[in-house]
Amino acid sequence: MKSDILATLTRKSGDKPKVDGDGPGWDMPLLVVVMMLVSLGLVMLYSASSVIAAQRMGEHYVLLSGQAERALLGVFGMLVALQIDYRWYKRLVYPILGVTIALLVLVAIPGIGVVHNGARRWLNVVGFGFQPAEVAKLAAVIFLAYSISKKGKRMGSFTIGFLPHLFIVGALVGLLMLQPDFGTSVMLIGVMMLLLFVSGAKLSYLFLITMGGAVAGYFAISGSEYRTQRILAFLDPWSHRSDIGYQISESLIAIGSAGLGGRGLGQGAGKLGYVPELWNDFIGTIIAEELGILGIVFVVGLFLVLLWRGFRIAFGATDSFGMYLAFGLTSLFALQAVMNLFVVTGMLPTKGLTLPFVSFGGTSIIVGLYSVGILLNISRNEPDYWGEERESREARKQEKRWEKKRKKILSRRDDLRHH
Amino acid sequence: MTLMGDDDGRFWLKVRIGLIAVVFVGSYFAVVGRVYYLQTVEAEALQERTAVQRDREVVRQARRGDIRDRNGVEMAVSVEVSSIFVRPGLIANPAREAQRLAPHLRQSAEELEEILTSDRRFVWLKRQAPPSVAEAIEALDIYGVELTTEYKRYYPLGPVGGQLVGFVGIDGDGLEGLERRFHRELAGDTYSMSISRDARGRPMLLSDTPEFGQFEGHSVHLTIDEKIQRVAEEALMEQVLENEAIGGYAVVVDVRTGDILAMANTPRFDPNRLNDHTSGDWRLRGVTDTIEPGSVFKPFLVAAALNENTTTLDRVYDTKNGRMRVGGYTIGDVTRRPEMTTAEIIQRSSNIGSYKIAREMGRQTYYDYVRAFGFGQATGIDLRGEQPGVVWPPDRWAEITFANVAFGQGLTATPLQLAMATAALANDGVLMRPRIIDEIRDRQGQTVHREEPTMVRRVISPEAARQTSWAMSLVTVPGGTGTAGALEHFTVAAKTGTAQKVNPETRRYDPDLWVSGFVGYAPAERPEVAIVVFIDEPQVARYGGVVAGPAFAKIATEALARRGTLPLPPEERFQLGDTPPRAVEVAVAPPAPEHVVVLPTMRVFREPAAVDGTTGLPDFRNMTLRQALTRSRNLGIVPQTNGWGRVIDQSPPPGTVLGDRDSLVLTLAPRTQHSFLAEEPSQGEAIGED
């Protein structure tokens, strides 16, 4: 009883807990929107992959059933995350960061990391391909939220509010570029910038990072024939149509030639091998091709609702860690979705980013759904039982200690008495 | 909780988050806007780019039907093969791809590179490639090089029946023979389907796969017996080689139905090896070539005379010791005798006797019989290039011509006509229309069309036919000219012939050019098959009995064996010894075949008195449909017409005065407009301009 009163007292007015009898206690619209994205993803995945799967593996639903299994695993992870108080991530931030870095180092070691399409990105975990980069995104957001919320008003300073974040994220990006994973690196830097901006870092510093990032990006691009080609293909897909611009030009053809109404579900032609990785990074292509403009409006609408609910959860969070965490995770999804759709429609050069919840990819959907679980947990606005009970817990400990001490003293007194 | 307490900080935080939200929302709208732009403004341009790489509508020809013999043995079948083509515009690296392709194709890398760099949209690399080549090229997996399935025509029997079956072009058009004649039935339909192609151009995902089979062509079942055909060709070949002849013909006919069991000629023709042959090789010479029949014609004369009762088998003629002058020319016999009976005239092939028999019958009557036996007109087999032969009308015969025509010179006929006329003697005097098609069946084996045996007309009475058979049987017994054609267990009714040929340069009969013939049927008492064999320009020997007789015997043996014909008991066989020919009894007529179609009008011979009757009906025969209609309309008659093309018969006959209630029936050939349209109009069939 005592703790309840304490909890009520510590809670700020206006940040009322949403536990008001009926209602699940967490943000239902977010859950619905995410489940709709996952379902749409499975449908489009089947449409996109069945032909190739049937041709290469003999079964048209191979990719679908694999992805459905992982989505199920992700939903399970989401339910677990829903039950774990998000504040634990704050308390365990350094172990999490440590494990993440260890995984990134591990995947960089030849022989352990599995190479696919020229990048060493996968760890083989009991037969499943596991991408540490997806975990790195979550870990980076947790670290940034923790660090920013801890520093509070000192965020304005360069050494305290700026350098540590840059250093940690820079280390992660460095490890990612070993794979290399340019897309995730860009994502990490982007999310960091957003979080720093929101937390009140000086714009001049952000500008500095932007400049630095631009220079680093330039070297990253010019140092790699492959990336240079991608930029050229982005600028003029048609003259590179037979090689590097093939994917993007076929994607544009598939989207454009379908017309506003789309070809109808299952009727797309892009999947006949024209658009490589159609079920993966280019799932947006088949949505636009088969479902037309309405399909894209639908997907974009779902992401907008996700953005809205995510930011709402951030605003409603009881502590600043929860707020930054919610904001960071939401931005992560929103940013990745925007960048993916920009790539698909030829507004950004290709870099290998999935459409969250929709694209094929096991780690991506499992970590993504787990992150949604975190968001939903934040939305519950549960009291920090652990934190609140700290006093009583410590008091109990103290009491135990005193009891021990007392017994000791008493026993010693008895000894003395008997002597 | 420090931040939370700071309302000012919280305000700016909200502003900054809001700002980011706005940027995100803007980006999302940009995506929607971009897709809208791509799908409206750019749609057309992008669609055009699509069209370059994807064929959506594909028109294909269904599988062509088979041609089979009377027992279902395949004579022509279509097999699936791959054809390889290239879309040069899609080839990224022509030089390299040419190098890769060259080992699999019979072309040099340079030639291929030229093809690959051409600005044509579509070039065949290899039509109907062998499977190994197709597989190898498919394995190269070159973008822009594609495979498609086509049908290749294959003739399992090779040269057997080659000219008859004919062949198709590489695109499956029937070009010659029955392939051409029945192209419409065999070809099947084309079907179009919406087909999607993957990035490599392979057809995929047939959105609504048609039931290909339903478009498949019909199969044509012939009356040919492949075994008899083979023996006929081989026997013919043997005689041609042995006698150093330039060619030969053989036709085997089922006498009851008019079924053509075999039609062979040399040189042989293998439609599988078209390139090894010249156009002369694939002519079906049995219908396209005409010969002067020579002495094999004598049985028709005798049969006509017997039918007209102007002679009997035992009537004796003065054969003038084998020499007789006719109109300034001398005709002679090989066997010189002072006199012969009619039977002996057949047996020993007397020209003088024949002339005398003909003279007694009269020119016009004889001519009418010649026409009635089917000479000088198409047989109705309806094969391209069929020649009607030439028989001049009797008013243009000089006396020597009359004599010549009496023993088969001075007129021309195709081997098929001779076979059909011979079969008429065997068929109790009834001429049948040659029947080459038994049935046309659809892909499920259901009969869609059946050619019924068709009777053209009765030419002579059964009695006259039987007496002629008896006389012809004398030819193959000792003393006759055709003993080489005799069979061990059967009586063979036959007639040999050694016809003189006109030298095309001198336009006169050449003493060194001959056509040796042997026509006949067996068993003579109850005939089943009629066979004619002609060897053209034999060099080693010349008498028909020697040159053509052995081939006749081989073919007859095979044909009778194939049909399971049993030898007749001795009491039913002709007594050819001293029995007076008069005593030949007409045995029980063999059962007529079922389904015989009798042409609705029967030919009745012209009454000499009514030839130019001014009040009677005109002779519509040989008029085109239009001519006949115009003519009858002028007479105020609306005729009932039966068929298309030319009038072959009319009822009532010319010269008849048409009563008020009578109607005029004209029978035309070909029978159907369908068969009429199937052929390009030839001189015999055109609905011509007047």
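When reading the values below, keep in mind they use all heavy atoms of this one structure, side chains included, and skip hydrogens, waters and symmetry mates. Just so it is clear: chains get the letters A, B, ... in the order the sequence lines come, proteins before strands, and each one is counted from 1. Quick caveat: nothing in here was measured; it's all calculated off a predicted structure.
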### Task
Could you tell me which portion of Leu307(A) (side chain, backbone, both or neither) has an atom closer than 4.5 angstrom to a non-hydrogen atom of chain B?
side chain
### Query
Do the side chains of Ile84(B) and Leu101(B) get nearer than 4.5 Å, heavy atoms only?
no
### Task
To the nearest 0.5 angstrom, please state how far the CZ atom of Phe327(A) sits from the CG atom of Leu13(B).
8.5 Å
### Message
Taking every non-hydrogen pair under 4.5 Å, which of Leu260(A), Val300(A), Ile255(A) racks up the most with chain B?
### Response
Leu260(A)
#### Entry: Region of Phe197(A) that comes under 4.5 Å of a non-hydrogen atom in chain B
both
### Message
Can a donor-acceptor pair be found, under 3.5 Å and without considering hydrogens, that links the side chain of Ser78(B) to the backbone of Arg153(B)?
### Response
no
### Query
Got a donor-acceptor contact below 3.5 angstrom from the Gln336(A) side chain to the Leu355(A) backbone?
no
### Query
At a heavy-atom separation under 4.5 Å, does Thr330(A) approach chain B through its side chain, its backbone, both, or neither?
neither
### Message
In this structure, is the centre-to-centre distance between the rings of Phe24(B) and Phe303(A) below 6.0 Å?
### Response
no
### Task
Quick one: which of Val15(B), Val41(B), Val35(B), Ile17(B) has the most heavy-atom pairs under 4.5 Å with chain A, could you say?
Ile17(B)
